[in-house]
Engineer: 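Sharing a structure, written as structure tokens. Questions coming.
Only heavy atoms go into these numbers, but all of them, side chains included; no hydrogens, no water, no symmetry mates. Quick note on labels: first sequence line is chain A, next is B, and so on, each numbered from 1.
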Amino acid sequence: MPELPEVEVIRRDLVERVQGRRIQRAKIGETRLTRRRGTPHEVEAALIGRRVNALRRRGKFFLFDLGRDSLVVRLGMTGQLLWSGDGDGFRPDQHTHAHLVFSGGGTLYYRDIRKFGEMFVLPTGSVERTLGVGVEPLDAEFTLGAFREICRASTKVKSLLLNQAKVAGIGNIYADEALFRARIRPTRGAASLRVDEIRALRRAIREVLQAGIRHRGSSISNYRDACGQPGRFVALHRVYHRHGKPCVRCGSVIRKIVLGQRSTHFCPTCQR
DNA sequence: AGTACGCCCTGGCCGC
DNA sequence: TGCGGCCAGGGCGTAC
């Protein structure tokens, strides 16, 4: 479900609440959550008594820096991290599979209807290598030169954008929206892009991700921030889920196709 | 290396 | 109202 902007909104909501606090209790009640590494009990044991030095984001991953180790959380399609202070905020339900109780009050719940998300612990020093995600599109390293190198691939440009090992954090919504803003057809071969197109796409990626963060994310169905509130960016989508509707730029009918097993939306006139 | 497919899950929506 | 089929923002393993 959540892409870079949604994860970043949640991270910003949570950082003030958990940074510097100690995990007093931890409960993981779903074995699927820890399938990548360890058992629920092992992960719980690695968390209890540890202080959260920082809460960072890498692509679509949350990284809770616990010192020597880091807790890694990925939300998959329907995962949510929901905060509850003492007596207010989220109440757990049947889809709530884990929670962390923090010193000084407050509980962080992990809720995930489809259970595609995951939660595991890695040595902090090996997080980067283990996750293997590519450049952060909002960071300074995402230069035109770096993106040109990435585009030297024999794959369609949209598939490239969705490849987390190349560029971190872009998912189906923001890929379609960025390609629309750059006026590039999703089916174009990445290697066929001219320099001016790569420049436009890089700019569009950054703009659409920043706009997504500014509007607190895209809530198509069940995305919610850490306080349970939906994002407002859907109203500003120009192509995603707008198939059959007129293009906001030229009035042509927005089309929907399948590309790389994912629904893909574009304007057949504006995007070339 | 790239692509297609099945699969992991659950729920919402649509048509009948 | 009920039911089957299809769809979904992610990503992995396998086969080609």
Side-chain angles (χ1 to χ4, degrees), chain A residues 1-10 29-37 57-62 72-81 93-98 110-120 130-134 137 149-180 186-192 205 208-209 211-213 215-225 230-244 256-266:
Chain A
M1 149 183 86
E3 310 180 27
L4 186 155
E6 289 75 32
V7 176
E8 181 62 19
V9 167
I10 294 167
E30 165 61 57
T31 54
R32 269 194 66 76
L33 257 186
T34 64
R35 63 193 178 280
R36 174 160 351 188
R37 191 183 172 97
R57 178 190 58 74
R58 188 74 174 85
K60 301 173 190 172
F61 291 95
F62 293 93
V72 182
V73 178
R74 187 175 66 77
L75 299 178
M77 291 276 269
T78 54
Q80 301 171 324
L81 281 176
D93 63 2
Q94 75 271 29
H95 299 300
T96 306
H97 306 304
Y110 180 83
R111 179 174 189 269
D112 190 351
I113 293 172
R114 292 173 71 182
K115 304 179 193 172
F116 288 173
E118 53 184 346
M119 182 178 291
F120 53 94
T130 303
L131 299 183
V133 291
E149 276 303 307
I150 290 167
C151 288
R152 292 178 56 176
S154 64
T155 186
K156 293 181 173 65
V157 61
K158 180 173 175 185
S159 300
L160 184 83
L161 296 184
L162 293 179
N163 185 340
Q164 299 301 298
K166 306 269 189 172
V167 183
I170 301 174
N172 210 30
I173 294 176
Y174 293 93
D176 282 4
E177 292 296 320
L179 287 163
F180 175 81
T187 49
R188 284 278 299 284
S192 80
I205 289 167
V208 78
L209 293 175
I213 294 169
H215 295 281
R216 300 193 58 80
S218 300
S219 297
I220 293 289
S221 59
N222 57 19
Y223 164 73
R224 294 295 184 271
D225 66 22
R232 303 183 305 266
F233 193 56
V234 176
L236 299 172
H237 287 179
R238 297 183 189 167
V239 284
Y240 191 80
H241 267 208
R242 291 199 66 250
H243 48 291
K256 175 179 170 179
I257 60 171
V258 175
L259 194 161
Q261 320 307 123
R262 316 298 299 277
S263 64
T264 297
H265 315 74
F266 67 97

Engineer: Output the residues of residues 155-162 of chain A in contact with DNA chain B, where contact means a heavy atom of the residue under 4.0 Å from an atom of the strand; sort by number or write none.
Structural biologist: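 Per residue number, the list reads A/T155, A/K156.
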
Engineer: Considering residues at least two apart in sequence or located in another chain, which fulfil the side chain to side chain donor-acceptor pair (under 3.5 Å) criterion with A/H265?
Structural biologist: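 Partners of A/H265 by the side chain to side chain donor-acceptor pair (under 3.5 Å) criterion, ordered by chain and then number, come out as A/D176.
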
Engineer: Could you tell me whether a side-chain N or O of A/R58 sits under 3.5 Å from a main-chain N or O of A/G134, the two making a donor and an acceptor?
Structural biologist: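 At least one qualifying donor-acceptor pair exists.
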
Engineer: Using the P atom on both, measure B/dC9 against C/dG2 and round to a whole Å.
Structural biologist: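 Looking at atom P only, B/dC9 and C/dG2 are 27 Å apart.
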
Engineer: Round to the nearest Å and state the distance from A/I150 atom CD1 to B/dG2 atom P.
Structural biologist: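 Between P of B/dG2 and CD1 of A/I150: 13 Å.
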
Engineer: Any donor and acceptor pair, going by atom type alone, linking the side chain of A/R37 with main-chain N or O of A/F120 inside 3.5 Å?
Structural biologist: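 Side chain of A/R37 to backbone of A/F120: no pair is present.
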
Engineer: In whole angstrom, what separates A/R35's CZ from C/dG11's P?
Structural biologist: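 Interatomic distance, CZ of A/R35 to P of C/dG11: 11 Å.
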
Engineer: To the nearest Å, give me how far apart CD1 (A/I220) and P (B/dC13) are.
Structural biologist: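 Atom CD1 in A/I220 sits about 13 Å away from atom P in B/dC13.
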
Engineer: Which whole-number value in Å describes the distance from A/R37 CZ to C/dC12 C1'?
Structural biologist: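 After rounding, the reported distance stands at 18 Å.
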
Engineer: So, using side chain to side chain donor-acceptor pair (under 3.5 Å) as the criterion, who are the partners of A/S219 when residues are at least two apart?
Structural biologist: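 So A/S219 forms no side chain to side chain donor-acceptor pair (under 3.5 Å) with any residue.
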
Engineer: Show me the donor-acceptor pairs within less than 3.5 Å that the side chains of residues 161-175 of chain A make with the rest of the protein, sequence neighbours left out.
Structural biologist:
from: A/N163; atom 1: OD1; to: A/A165; atom 2: N; distance (Å): 2.9
from: A/Q164; atom 1: OE1; to: A/G169; atom 2: N; distance (Å): 2.8
from: A/Q164; atom 1: NE2; to: A/L162; atom 2: O; distance (Å): 3.2
from: A/Q164; atom 1: NE2; to: A/I170; atom 2: O; distance (Å): 2.9
from: A/N172; atom 1: OD1; to: A/K158; atom 2: NZ; distance (Å): 2.4
from: A/N172; atom 1: ND2; to: A/S263; atom 2: O; distance (Å): 2.8
from: A/Y174; atom 1: OH; to: A/E6; atom 2: OE2; distance (Å): 2.7
from: A/Y174; atom 1: OH; to: A/S218; atom 2: OG; distance (Å): 2.9

Engineer: How far, in whole Å, is B/dC5 from C/dC6 if one measures between their P atoms?
Structural biologist: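 Going atom to atom, P in each nucleotide, I get 15 Å.
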
Engineer: Under the side chain to side chain donor-acceptor pair (under 3.5 Å) test, which residues partner A/K60, sequence neighbours left out?
Structural biologist: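 Once residues adjacent in sequence are excluded, A/K60 has no partner under the side chain to side chain donor-acceptor pair (under 3.5 Å) criterion.
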
Engineer: Ignoring hydrogens and angles, tell me if any N or O in the side chain of A/R57 forms a donor-acceptor pair with the backbone of A/G59 under 3.5 Å.
Structural biologist: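 Between the backbone of A/G59 and the side chain of A/R57 there is a qualifying donor-acceptor contact (under 3.5 Å).
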
Engineer: Would you write the dot-bracket representation of DNA chain B, where each base gets (, ), [, ], | or . depending on whether it forms a Watson-Crick or G-U pair under 3.5 Å and with which partner?
Structural biologist: .|||||||.|||||||

Engineer: List in chain and number order the residues that pass salt bridge (Lys or Arg N to Asp or Glu O under 4.0 Å) with A/R74, two or more places apart in sequence or in another chain; answer none if no residue qualifies.
Structural biologist: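 With sequence neighbours excluded, A/R74 shows a salt bridge (Lys or Arg N to Asp or Glu O under 4.0 Å) to A/E118, given in chain and number order.
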
Engineer: CZ of A/R74 versus P of C/dC12: gap in Å, rounded?
Structural biologist: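 Going from CZ in A/R74 over to P in C/dC12 covers 7 Å.
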
Engineer: Can you tell me the distance, in whole Å, between the CG atom of A/N163 and the C1' atom of B/dA1?
Structural biologist: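 That distance rounds to 11 Å.
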
Engineer: Can you list every pair that meets salt bridge (Lys or Arg N to Asp or Glu O under 4.0 Å) and has a residue in residues 231-240 of chain A, with sequence neighbours left out?
Structural biologist: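 Not a single pair qualifies under salt bridge (Lys or Arg N to Asp or Glu O under 4.0 Å).
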
Engineer: At their closest point, which heavy atom of A/F266 faces which heavy atom of A/V239, and how far apart are they?
Structural biologist: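 Residues A/F266 and A/V239, closest heavy atoms: CA-CG1, 4.2 Å.
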
Engineer: Of all residues at least two apart in sequence or in a different chain, which pass the side chain to side chain donor-acceptor pair (under 3.5 Å) check with A/R35?
Structural biologist: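 By the side chain to side chain donor-acceptor pair (under 3.5 Å) rule, A/R35 matches no residue at all.
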
Engineer: Where along residues 233-242 of chain A does a heavy atom come under 4.0 Å from DNA chain B, residue by residue in number order?
Structural biologist: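 The answer is none.
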
Engineer: Let me know the distance between CD1 of A/I257 and P of C/dC7, rounded to the nearest Å.
Structural biologist: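 After rounding, the gap between these two atoms is 15 Å.
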
Engineer: Where do A/G79 and A/P2 come nearest, in terms of heavy atoms and distance?
Structural biologist: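 Heavy-atom minimum between the residues: O-CG, 4.2 Å.
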
Engineer: How long is the gap from NE2 on A/H97 to CD1 on A/I113, to the nearest 0.5 Å?
Structural biologist: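 With rounding to 0.5 Å, NE2 (A/H97) is 8.5 Å from CD1 (A/I113).
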
Engineer: Could I get a table of every N or O pair under 3.5 Å where one atom is in the protein and the other is in nucleotides 8-10 of chain B?
Structural biologist:
from: B/dC8; atom 1: O3'; to: A/R32; atom 2: NH1; distance (Å): 3.0
from: B/dC9; atom 1: O2; to: A/R114; atom 2: NE; distance (Å): 2.8
from: B/dC9; atom 1: N3; to: A/R114; atom 2: NH2; distance (Å): 3.4
from: B/dT10; atom 1: OP1; to: A/K115; atom 2: NZ; distance (Å): 3.3

Engineer: Quick one: list whatever passes side chain to side chain contact (heavy atoms under 4.5 Å, CB included) with A/T96, sequence neighbours left out.
Structural biologist: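 Listed in chain order: A/F90, A/P92, A/D93, A/Y109, A/R111.
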
